[in-house]
Amino acid sequence: MSYERPGGHTISLYLAGGTGTRRLDIDTAGGWPGALCIMPQGQSSEWDITDAFRFVHLYIPDDQARRVFAETFDRDARMMVMPEVTFGDAPMLAPVLRDLAEATLVGDHMRAETAGIAALVRLYDDPRYGGAKRDGVRGGLAPHLCRRLRDQIEADLHRTIRLEDLARLVQLSEFHLQRMFRASFGISPHAFVGHRRIVRARSLLKGVEPIAEIASACGFSSQSHLTRAFRTATGMTPGAYRHRVGEGRHGTEDATA
């Protein structure tokens with residue numbers, strides 16, 4: 001397989017396999033599960049693949065990579081240098097790239113978007129690739145901005161909520177929103193949205209609306225997506241929760257009668 005001066009940058013992580021993959025245009029051994037590859041924009045490469053493997057590719061347009069760099073470190077975007085890496089160690093990047101893959105597979109757009117930005121920031125943070133330093137967070141969001149974000153999230157729980165939209169709401173970059181949001185709410189925007197969706201689902205499960213419709217009303221991509229998230233948060237499935245709530249309600253009614 002050959003790549004001829006591709007547009008945009010590519011960050012890749014081997015999730016499984018990789019030992020049967022070699023890069024032919026430079027002298028390298030094979031890859032391995034957890035190996036990192038970074039191909040800067042315009043970098044041609046040639047590969048020999050002799051065995052099955054699984055990996056995640058994050059494709060990043062150059063203008064987006066430079067925007068994140070400038071907003072994260074408050075530096076001239078022209079100072080960004082995307083490194084070239086073939087089968088490197090990725091202790092900082094691997095967790096967020098795996099999270100990106102899992103979020104994409106279940107259709108969790110905000111979680112995937114958050115992981116994509118985190119991957120870039122961790123790449124820029126890595127001392128092997130420059131190790132730019134950021135100032136620490138001072139304070140958090142103003143109370144009226146917290147209310148604005150909370151109200152908008154509640155109003156939009158039924159649909160895809162994107163980090164870019166929340167950032168625009170308070171006139172911050174996506175990266176600075178994540179930092180300030182955590183300082184103000186104690187958790188990430190993704191975790192906060194996920195919690196509010198579970199809270200709404202628990203409320204709706206007290207009624208008779210079909211679980212598939214509840215999943216849609218709470219912004220989950222499917223009933224199975226709701227089931228996985230609900231079990232993680234509560235230790236039970238939506239159906240089991242509804243059954244327990246129903247039993248409790250009937251028991252109260254019987255005692256009153």
Side-chain angles (χ1 to χ4, degrees), residues 8 11 13 15 56-61 63-65 67-69 71-72 92-125 137 140-141 145-204 211-234 238:
I11 302 175
L13 181 78
L15 302 173
V56 55
H57 264 352
L58 174 60
Y59 297 101
I60 311 159
D63 58 349
Q64 182 177 343
R67 177 177 59 81
V68 172
F69 176 87
E71 292 174 347
T72 301
M92 297 174 64
L93 278 168
V96 292
L97 289 172
R98 291 192 184 99
D99 192 44
L100 171 64
E102 294 170 5
T104 302
L105 288 173
V106 301
D108 193 332
H109 299 285
M110 188 174 187
R111 177 183 165 194
E113 185 180 14
T114 299
I117 292 174
L120 267 179
V121 173
R122 291 194 183 191
L123 170 63
Y124 297 143
D125 260 343
V137 176
L141 294 162
L145 295 180
C146 290
R147 288 193 299 271
R148 185 182 301 172
L149 285 168
R150 189 182 294 111
D151 291 347
Q152 192 64 52
I153 288 170
E154 291 295 327
D156 290 343
L157 283 179
H158 64 287
R159 67 180 189 88
T160 298
I161 298 176
R162 300 192 180 280
L163 203 61
E164 179 182 1
D165 297 331
L166 295 180
R168 187 182 301 113
L169 189 67
V170 293
Q171 298 183 330
L172 292 173
S173 69
E174 292 99 319
F175 174 73
H176 284 104
L177 169 66
Q178 291 185 77
R179 296 174 68 201
M180 300 297 277
F181 194 101
R182 186 180 289 276
S184 299
F185 291 91
I187 57 176
S188 68
H190 170 260
F192 183 87
V193 171
H195 171 70
R196 296 311 305 167
R197 284 185 165 140
I198 294 299
V199 169
R200 176 169 294 184
R202 291 177 65 172
S203 176
L204 294 175
I211 293 177
E213 294 183 12
I214 291 175
S216 178
C218 295
F220 293 98
S221 59
S222 64
Q223 182 173 333
S224 61
H225 185 195
L226 166 62
T227 298
R228 288 192 298 272
F230 199 91
R231 184 187 285 117
T232 299
T234 68

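With a 4.5 Å cut-off on side-chain heavy atoms, Leu149 and Leu177 count as touching. Residues Val199 and Ser203 have side chains not in contact (no heavy-atom distance under 4.5 Å, counting atoms from C-beta outward). Between Leu157 and Cys218 the shortest side-chain heavy-atom distance does not fall below 4.5 Å. At least one side-chain heavy atom of Leu100 sits under 4.5 Å from a side-chain heavy atom of Val56. Contact of the Glu154 side chain with the Arg200 side chain is registered, since non-hydrogen atoms from C-beta on lie closer than 4.5 Å. Looking at Glu102 and Arg111, their side chains come closer than 4.5 Å, going by heavy atoms from C-beta outward. Considering only heavy atoms from C-beta on, Arg148 stays 4.5 Å or farther from Leu141 through its side chain. Put simply, the side chain of Arg228 does not reach to within 4.5 Å of the side chain of Phe220, judged on heavy atoms.
The backbone N or O of Gly140 lies less than 3.5 Å from no partner atom in the side chain of Ser184, so there is not a single donor-acceptor pair. When atom types are taken as modelled, the side chain of Ser221 and the backbone of Val106 share a donor-acceptor pair closer than 3.5 angstrom.
In this structure, Asp125 does not pair ionically with Arg122, as no charged nitrogen and carboxylate oxygen lie closer than 4.0 Å.
Across Val96 and Met92, no two heavy atoms sit closer than the pair CG2-O, 4.3 Å. The minimum heavy-atom distance linking Ala103 with Ala112 is given by the pair CB-N, 3.6 Å.
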- Task: Could you give me the CA-CA distance, side-chain angles and deciding distance for Leu15 and Arg98, then say whether side-chain contact (heavy atoms from CB on, under 4.5 Å) is met?
- Result: CA-CA 7 Å; Leu15 302 173; Arg98 291 192 184 99; 3.8 Å; yes
- salt bridge (Lys or Arg N to Asp or Glu O under 4.0 Å) evaluation trace for Glu164 with Arg168: CA-CA 6 Å; Glu164 179 182 1; Arg168 187 182 301 113; 3.0 Å; yes
- Message: Evaluate His57 against Ile11 for side-chain contact (heavy atoms from CB on, under 4.5 Å), listing each step before the verdict.
- Response: CA-CA 6 Å; His57 264 352; Ile11 302 175; over 6 Å; no
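With sequence neighbours left out, the side-chain contact (heavy atoms from CB on, under 4.5 Å) criterion links Thr160 to His109, Arg162. With sequence neighbours excluded, the residues forming a side-chain contact (heavy atoms from CB on, under 4.5 Å) with Gln223 are Ile211, Ala212, Thr227, listed by chain and number.
Note: Arg197 CZ to His225 NE2 = 8.0 Å, rounded to the nearest 0.5 Å. To the nearest 0.5 Å, atoms CG (Leu13) and CG (Leu58) are separated by 11.0 Å. Note that CG of Leu226 and CD1 of Ile198 are 6.0 Å apart. Values are rounded to the nearest 0.5 Å. Taking CD1 of Ile153 as the start and CZ of Arg196 as the end, the distance is 9.5 Å to the nearest 0.5 Å. Rounding to the nearest 0.5 Å places CG of Leu169 at 5.5 Å from CD of Gln152. From Ile117, atom CD1 reaches atom CZ of Arg67 across 7.0 Å, with rounding to the nearest 0.5 Å.
For the residue pair His176 and Ser173, a side-chain donor N or O sits within less than 3.5 Å of a side-chain acceptor on the partner.
No more than 12 heavy atoms of other residues, nucleotides or ligands lie within 6.0 Å of CZ in Arg202, so this atom counts as exposed by the packing criterion.
Classification of the Phe181-Phe185 ring pair by plane angle, with boundaries at 30° and 60°, yields parallel.
Checked against Val193 for a side-chain contact (heavy atoms from CB on, under 4.5 Å), the options Asp108, Thr114, Ile161 give a single hit: Ile161.
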